[in-house]
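For reference, the structure discussed in these notes is given below.
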Amino acid sequence: MITRTLATAGLLLSLALPALAQTMASPGPTLTAVRAKGALDCGAHPGAPGFGVMDSRGVYSGLDGDTCRAIAAAVFGDAARARFVVVTSAARLPALQSGQIDVLPRTTTWTQSRDTANGLNFTAVNFYDGQGFLLRTSLGVTRATQLDGATFCVTSGTTNELNLADWARSNRLNIRPVVFEQNDETRIAYQSGRCDVFTTDASQLAGIRSALQNPSEHVVLPDIISKEPLAVAVRHGDDQWFDIVRWTIFALIEAEELGVTQANVEEMLSSPRPEIRRLLGVSGDHGPFMGLDRRWAYNALKAVGNYGEIFERHLGRNTPVGLARGVNDLWTRGGLMYAPPIR
């Protein structure tokens with residue numbers, strides 16, 4: 001009798017759990033603070049074509065900009081609630097640690113020390129990259145190992161400094177790093193001829209090359225010397241906020257795989273496919289699980305589109321940056337972009 005009673009009580013509790021989902025996820029500290037000020041503060045790059053650039057009207061565009069807008073739309077239902085706080089490479093992690101910003105979607109490489117010793121959590125990779133080299137074609141160099149004795153412009157507070165030193169040591173090359181605090185300073189130094197080579201993430205070098213006065217006079221070498229998984233970071237200690245940021249990025253990737261776009265998201269609300277109905281909040285409590293509206297992912301997609309749309313808008317073949325999807329394509333097309341199921 002006791003066993004039967006306990007089994008019945010357990011069944012009733014399990015049946016009640018979905019109905020309790022909305023009351024279970026009360027706002028955590030970060031979500032509460034963000035809602036109280038009515039805006040989402042994102043760390044922004046001083047200038048990385050394709051990722052984050054502030055134009056003369058104060059509009060911040062790029063992959064990182066749209067990632068921030070997607071999170072703001074998921075939280076508020078309004079992408080215009082995103083605010084951009086420009087931070088240098090050296091200042092970006094302290095800005096997040098101190099609470100100056102709420103999230104860091106700013107070309108930041110996920111490393112073990114940053115993930116453990118710096119009080120940060122990396123939510124999801126939104127771009128897989130690697131460190132490369134930009135130099136003048138007049139040097140006649142075709143491979144990076146030919147750069148013995150060259151001077152290298154590099155930005156401080158980045159993984160690029162350590163990678164460059166490790167690479168030179170491993171290849172027994174005598175190089176001369178010239179270090180600058182900000183990426184713009186590094187770029188200007190390269191343009192003015194203060195160094196032979198500009199080294200940073202290869203995708204950024206493609207964008208920088210496209211903005212030079214005579215791009216054809218410069219080349220990005222095929223050599224990639226590191227793994228640079230660029231991921232969106234939050235502070236340690238707030239699992240709910242970690243979930244919100246992570247699953248918003250996953251929703252953008254999942255939407256591309258499911259064929260949900262900015263243009264068709266409205267009609268997709270009527271789709272009979274269960275996975276699309278869960279993504280868009282037609283069924284399930286996946287938003288309330290995180291303290292958000294059921295339409296959290298719908299709002300993000302309506303604001304900025306899916307991951308593929310964002311990539312092609314800012315980084316794709318028809319942009320000045322001109323990148324192929326490569327490893328940043330969906331897993332179904334040979335890339336690394338893969339989102340766990342929303343269920």
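Just so it is clear, the values below take in all heavy atoms, side chains as well, and ignore hydrogens, waters and symmetry mates.
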If the test is side chain to side chain contact (heavy atoms under 4.5 Å, CB included), which one of Leu31, Val34, Val75 qualifies with Asp102?
Val34
Test side-chain contact (heavy atoms from CB on, under 4.5 Å) on Leu205 and Phe198 and set out the steps.
CA-CA 8 Å; Leu205 292 177; Phe198 187 173; 4.1 Å; yes
Assess whether a salt bridge exists between Asp41 and Arg83, defined as any Lys/Arg side-chain N lying under 4.0 Å from an Asp/Glu carboxylate O.
yes
Determine, stepwise, if the pair Phe180 / Arg194 fulfils side-chain contact (heavy atoms from CB on, under 4.5 Å).
CA-CA 12 Å; Phe180 301 89; Arg194 289 186 59 186; 3.5 Å; yes
Are Phe51 and Leu336 linked, directly or through intermediate hydrophobic residues, by side-chain heavy-atom contacts shorter than 4.5 Å (ILVMFWY only)?
yes
Below 4.5 Å, heavy atoms only, C-beta onward: do Thr186 and Thr200 meet side chain to side chain?
no
Report the C-alpha separation of Ser156 and Glu161 in whole Å, then their side-chain angles, then the decisive distance to 0.1 Å, and conclude whether the side chain to side chain donor-acceptor pair (under 3.5 Å) test is met.
CA-CA 7 Å; Ser156 65; Glu161 279 188 281; 5.1 Å; no
Which pair of heavy atoms, one from Val304 and one from Ala70, lies closest together, and at what distance?
CG2-CB, 3.8 Å
If you apply the rule side chain to side chain donor-acceptor pair (under 3.5 Å), what do you find for Thr67 with Asp64, and how did you get there?
CA-CA 5 Å; Thr67 300; Asp64 297 338; 5.1 Å; no
Set of residues satisfying salt bridge (charged side-chain N to carboxylate O under 4.0 Å, His left out) with respect to Arg169, sequence neighbours excluded
Asp166
Within-4.5 Å side-chain heavy-atom neighbours: Thr155 and Glu181
no
Starting from Val220, can I reach Leu212 by hopping between I/L/V/M/F/W/Y residues whose side chains sit under 4.5 Å apart?
yes
Check: Thr261 and Leu301 side chains under 4.5 Å, non-hydrogen atoms:
no
Please enumerate all residues that pass side chain to side chain donor-acceptor pair (under 3.5 Å) together with Arg172, with sequence neighbours excluded.
none
Between Asn160 and Asp201, is the side-chain contact (heavy atoms from CB on, under 4.5 Å) condition met? List the steps.
CA-CA 8 Å; Asn160 305 135; Asp201 297 346; 3.5 Å; yes
Pairs touching residues 83-114 that satisfy ring pair (Phe, Tyr, Trp, His ring centres under 6.0 Å), sequence neighbours left out:
Tyr60-Phe84, Trp110-Phe122
Would you please indicate yes or no on a ring centroid separation below 6.0 angstrom for His236 and Phe242?
no
Hey, could you give me the CG/CD1 distance between Asn264 and Ile276, rounded to the nearest 0.5 Å?
8.0 Å
Is there side-chain contact between Val260 and Asn306, with heavy atoms separated by less than 4.5 Å?
no
Return yes if a side-chain donor-acceptor contact under 3.5 Å exists between Asp129 and Ser203, otherwise no.
yes
So Lys302 and Glu266, do their side chains get closer than 4.5 Å, heavy atoms only?
yes
Under-4.0 Å salt bridge between Arg81 and Asp78:
yes
Looking at residues at least two apart in the chain, or sitting in another chain, which of them share a side chain to side chain contact (heavy atoms under 4.5 Å, CB included) with Glu312?
Arg325
Counting N and O atoms only, with roles assigned by atom type, does the side chain of Thr151 sit under 3.5 Å from a partner on the main chain of Asp196, one being a donor and the other an acceptor?
yes
In chain order, what residues pass the side chain to side chain contact (heavy atoms under 4.5 Å, CB included) check against Asn299, with sequence neighbours excluded?
Ala73, Arg295
CZ-CG distance between Arg114 and Leu93, expressed to the nearest 0.5 angstrom
5.5 Å
Is a donor on one side and an acceptor on the other found under 3.5 Å between the side chain of Thr123 and the backbone of Ala233?
no
Sorted by first residue and then second, give each disulfide bond (SG atoms under 2.5 Å apart) pair with at least one member in residues 222-293; sequence neighbours left out.
none
Pairs involving residues 211-238, ordered by first then second residue, that meet salt bridge (charged side-chain N to carboxylate O under 4.0 Å, His left out) (sequence neighbours left out):
Arg143-Asp223
For the residue pair Gly38 and Phe76, what are the closest heavy atoms and their distance?
C-CZ, 3.7 Å
CG-CD distance between Leu135 and Gln146, expressed to the nearest 0.5 angstrom
9.5 Å
Once you round to the nearest 0.5 Å, how far does CD of Gln131 lie from CG of Asn163?
4.5 Å
Under the ring pair (Phe, Tyr, Trp, His ring centres under 6.0 Å) definition, can you give me all pairs with a residue in residues 261-287, not counting sequence neighbours?
His286-Phe289
Would Ile225 and Ile175 show up in the same hydrophobic cluster when neighbours are defined by side-chain heavy atoms closer than 4.5 Å?
yes
Nearest 0.5 Å, what's the OH-NE2 distance between Tyr190 and His218?
5.0 Å
Any idea which heavy atoms bring Leu63 and Asn126 closest together, and the distance?
CD2-O, 3.6 Å
Glu256 and Arg333: salt bridge (charged side-chain N to carboxylate O under 4.0 Å, His left out), yes or no, with the steps?
CA-CA 12 Å; Glu256 182 183 7; Arg333 297 194 291 257; 2.9 Å; yes
For the residue pair Gly132 and Thr199, what are the closest heavy atoms and their distance?
O-OG1, 2.9 Å
If I compare all heavy atoms of Leu173 with all of Thr145, which pair ends up nearest, and what's the gap?
CD2-O, 3.8 Å
Where at least one partner belongs to residues 142-175, residue pairs that pass ring pair (Phe, Tyr, Trp, His ring centres under 6.0 Å), sequence neighbours excluded:
Phe133-Phe152, Phe133-Trp167
Going by the disulfide bond (SG atoms under 2.5 Å apart) test, which pairs reach into residues 149-240, not counting sequence neighbours?
Cys153-Cys195
Are any non-hydrogen side-chain atoms of His45 and Val86 less than 4.5 angstrom apart?
no
Is Trp331 isolated, or which residues cluster with it under the ILVMFWY side-chain rule of less than 4.5 Å, directly or via members?
Tyr338
Heavy-atom closest pair (Val103 atom, Pro105 atom, distance to 0.1 Å) is O-CD, 3.3 Å
Run the salt bridge (charged side-chain N to carboxylate O under 4.0 Å, His left out) check on Arg187 and Asp184 step by step: do they pass?
CA-CA 5 Å; Arg187 174 184 54 79; Asp184 272 354; 3.5 Å; yes
Around atom CG of Asn318, are there more than 12 heavy atoms of other residues, nucleotides or ligands at under 6.0 Å?
no
Does any non-hydrogen side-chain atom of Val219 lie less than 4.5 Å from one of Leu134?
no
Kindly state each residue pair satisfying ring pair (Phe, Tyr, Trp, His ring centres under 6.0 Å) with at least one member in residues 301-326, sequence neighbours excluded.
none
SG-CD1 distance between Cys42 and Ile101, expressed to the nearest 0.5 angstrom
8.0 Å
Pairwise side-chain contact, Leu120 with Leu96, heavy-atom cut-off 4.5 Å (strictly under)
yes
